[in-house]
Amino acid sequence: MTKLEYLNFQNTYANLPDVFFQRVKPTPIPNPYLVSVNPAAAELLDIDPTEWTRPEFAEYFCGAKLLPGSDPIAMLYSGHQFGHYVPQLGDGRAILLGEVRNQNGERWELQLKGAGLTRFSRDGDGRAVMRSTIREYLCGEAMHGLGIPTTRSLCIVAGEEIVWRETPEPGAMLLRMAPTHVRFGSFEVFYYRRQHEYLKTLADYVIEYHYPHLVGAENPYARLLHEVAVRTGHLVAQWQAVGWAHGVLNTDNMSILGLTLDYGPFGFMERYDPTFICNHSDHHGRYSFQNQPDIGFWNIRALARALSPLVDQDAVNGIPEIYEKAMLARYAELMRAKLGLVEAHAGDDKLVTDLLNLMDSSRVDYTNVFRGLGAVRQESSAAPDALRDQFLHREAFDDWTARYRERLRAEKSEDEERQVRMDQVNPKYILRNHLAQQAIHQAVQQKDYSEVDRLLNLLGDPYTERPGMESYAVPPPPGEPPIIVSCSS
Ligand code: AMP
Ligand code: MG
């Protein structure tokens with residue numbers, strides 16, 4: 001285990017040509033204090049647990065002090081926002097402190113979000129509000145708990161800093177981690193500037209550090225594109241299977257590693273509704289839940305176009321289909337697993353679609369219906385009441401259950417064993433908006449961060465039922481006003 005001062009910084013991104021970034025130091029928050037720390041992420045950096053009891057911990061992770069060896073930068077990128085190309089974005093409020101190499105030889109970028117102005121801040125203030133910081137902190141770990149590739153969250157630091165959005169709000173900083181924060185937009189910027197030599201520099205960098213098996217391969221850039229397309233397809237499939245919407249799937253929020261990146265107005269669906277739009281500012285529903293697979297296709301095509309100077313045109317043209325095949329195959333696999341099916345049979349897709357249609361017409365809780373299906377028994381003609389009663393059209397659900405039971409018999413499924421398997425893929429707990437809201441309310445109004453810690457702990461293992469935590473597994477009571485989440489974070 002390591003003291004903060006002995007973290008092994010490497011800063012490979014800061015060693016790229018200057019055009020890739022701006023060297024800039026974080027602007028600290030006055031009187032910083034630690035809001036929450038995530039022991040699981042600290043362990044990835046080999047940080048000794050006694051370290052976060054030191055006052056220096058908050059100072060290092062709000063930019064008041066620089067960790068020895070850190071060479072902070074803001075990364076340049078551009079991207080397509082809501083379908084329109086924006087020639088320059090870049091880290092307008094996130095500052096990369098550097099990369100830490102842990103004892104296992106893994107390299108983690110430490111990025112401080114809300115760290116102050118950079119050359120890329122445009123009209124922004126470089127800050128983040130505590131509300132959005134808590135949401136990103138918790139959802140990153142919730143996704144990790146669900147087995148979905150994502151950036152990780154180390155800690156939140158707050159202090160005496162007021163940030164103006166619609167109203168004045170307390171500010172905070174999030175320390176997030178990923179092997180790299182390179183995005184599709186990191187490539188697009190050099191394509192549209194016609195700086196193809198930098199495009200190649202970046203592709204070589206990404207291959208060297210993140211796809212090292214492609215070093216020296218034939219057609220490395222085509223293979224890189226291929227692998228990113230597959231990873232992105234798998235990622236989108238996982239979002240769809242768990243019922244989660246990102247909310248702002250601009251190409252600058254698409255990770256080159258296929259990680260879930262940049263949590264803004266995201267949302268887990270509660271009542272199943274394929275047209276679900278979690279981003280209040282997304283008036284046309286470009287980033288609705290059901291559009292995500294197509295948006296993934298659109299975005300991967302944008303990446304392929306950006307890399308086209310390095311790749312044969314036929315290979316570029318084939319990339320979107322590679323994405324689509326990977327996404328569809330993984331989605332089918334995940335949904336089969338959610339139904340507890342081990343074998344692939346003809347008709348499985350229809351079994352899934354018919355269930356989703358029933359869920360749609362009854363607006364049932366997506367998470368809880370799948371969790372509840374584990375209790376279906378082949379010898380009993382009706383589904384458990386607790387499940388059946390959620391549906392408006394009970395007979396239609398009975399018909400579906402009969403088909404499901406028949407399908408289970410067709411592969412000689414064993415009920416108890418199947419339920420154990422299903423409970424490992426159908427979460428009991430997700431980050432429901434009202435739960436996040438409660439944690440935010442206590443944090444912002446009362447400086448009580450215990451609920452943040454409780455959710456962090458719960459969502460780290462969302463599959464295991466915890467005694468006394470039943471209220472965390474249900475939607476808000478009917479009649480509660482919906483929580484509106486916008487981009488203003
Ligand atoms: P996002 O919607 O968070 O993915 O951000 C899109 C772009 O706006 C990125 O370049 C961000 O760095 C920038 N941005 C977002 N919020 C702020 C802010 N408060 N201050 C400066 N830049 C920001
Ligand atoms: Mg972003």
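For ligands, and for the atoms within them, numbers begin at 1 and follow the listed sequence.
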query = Is atom 5 (O) of ligand 1 less than 4.0 angstrom from some protein heavy atom?
reply = no
inquiry  = Side chain or backbone, does R93 bring an N or O within less than 3.5 Å of an N or O on ligand 1?
reply    = yes
task = Find all atoms of ligand 1 within a distance of less than 4.0 Å from any non-hydrogen atom belonging to G124, and give their numbers and elements.
result = 18 (C), 20 (N), 21 (C)
remark   = Between A237 and Y331 the two heavy atoms that sit nearest each other are CB-N, 3.6 Å
message = Between F57 and F61, is the ring centroid distance below 6.0 Å?
response = yes
task = Before signing off on this row, confirm whether D262 and ligand 1 have an N or O atom pair separated by under 3.5 Å.
result = yes
note = Between N253 atom OD1 and D262 atom OD2, the angle centred on the Mg ion (ligand 2) rounds (to 10°) to 80°
Atom pair OH/OH of Y429 and Y472 - distance to nearest 0.5 Å = 10.0 Å
ask   = If you round to the nearest 0.5 Å, how far is CD of Q238 from CD of E333?
value = 10.0 Å
request  = Report yes if D91 has an N/O atom closer than 3.5 Å to an N/O atom of ligand 1; otherwise report no.
outcome  = no
remark   = Candidates G92, G90, G79; heavy atom nearest atom 10 (O) of ligand 1 found on G90
ask   = Can you tell me how far CD of E43 sits from CG of N102, rounded to the nearest 0.5 angstrom?
value = 10.5 Å
query = Any idea how Y198 and F190 line up, ring-wise: parallel (<30°), tilted (30 to 60°), or perpendicular (>60°)?
reply = tilted
request  = Look at atom 2 (O) of ligand 1 and say whether a protein heavy atom is found at less than 4.0 angstrom from it.
outcome  = no
query = Heavy-atom contact under 4.0 Å between N253 and ligand 1?
reply = yes
query = Run the side-chain contact (heavy atoms from CB on, under 4.5 Å) check on T12 and Y205 step by step: do they pass?
reply = CA-CA 9 Å; T12 60; Y205 172 86; 2.6 Å; yes
Close N or O approach (F120, ligand 1; < 3.5 Å) = no
query = So is there a nitrogen or oxygen of G126 less than 3.5 Å from a nitrogen or oxygen in ligand 1?
reply = yes
task = Report the nearest protein non-hydrogen atom to atom 19 (N) of ligand 1: residue, atom name, distance rounded to 0.1 Å.
result = D125 OD1, 3.0 Å
Y77 neighbourhood, listing ligand 1 atoms whose heavy-atom distance to it stays under 4.0 Å = 9 (C), 10 (O)
inquiry  = In this structure, is the centre-to-centre distance between the rings of F82 and Y287 below 6.0 Å?
reply    = yes
ask   = What distance separates K428 NZ from D461 CG, expressed to the nearest 0.5 Å?
value = 13.0 Å
ask   = Just going by heavy-atom distances, which of R165, R127, K113, R122 is nearest to atom 13 (C) of ligand 1?
value = R122
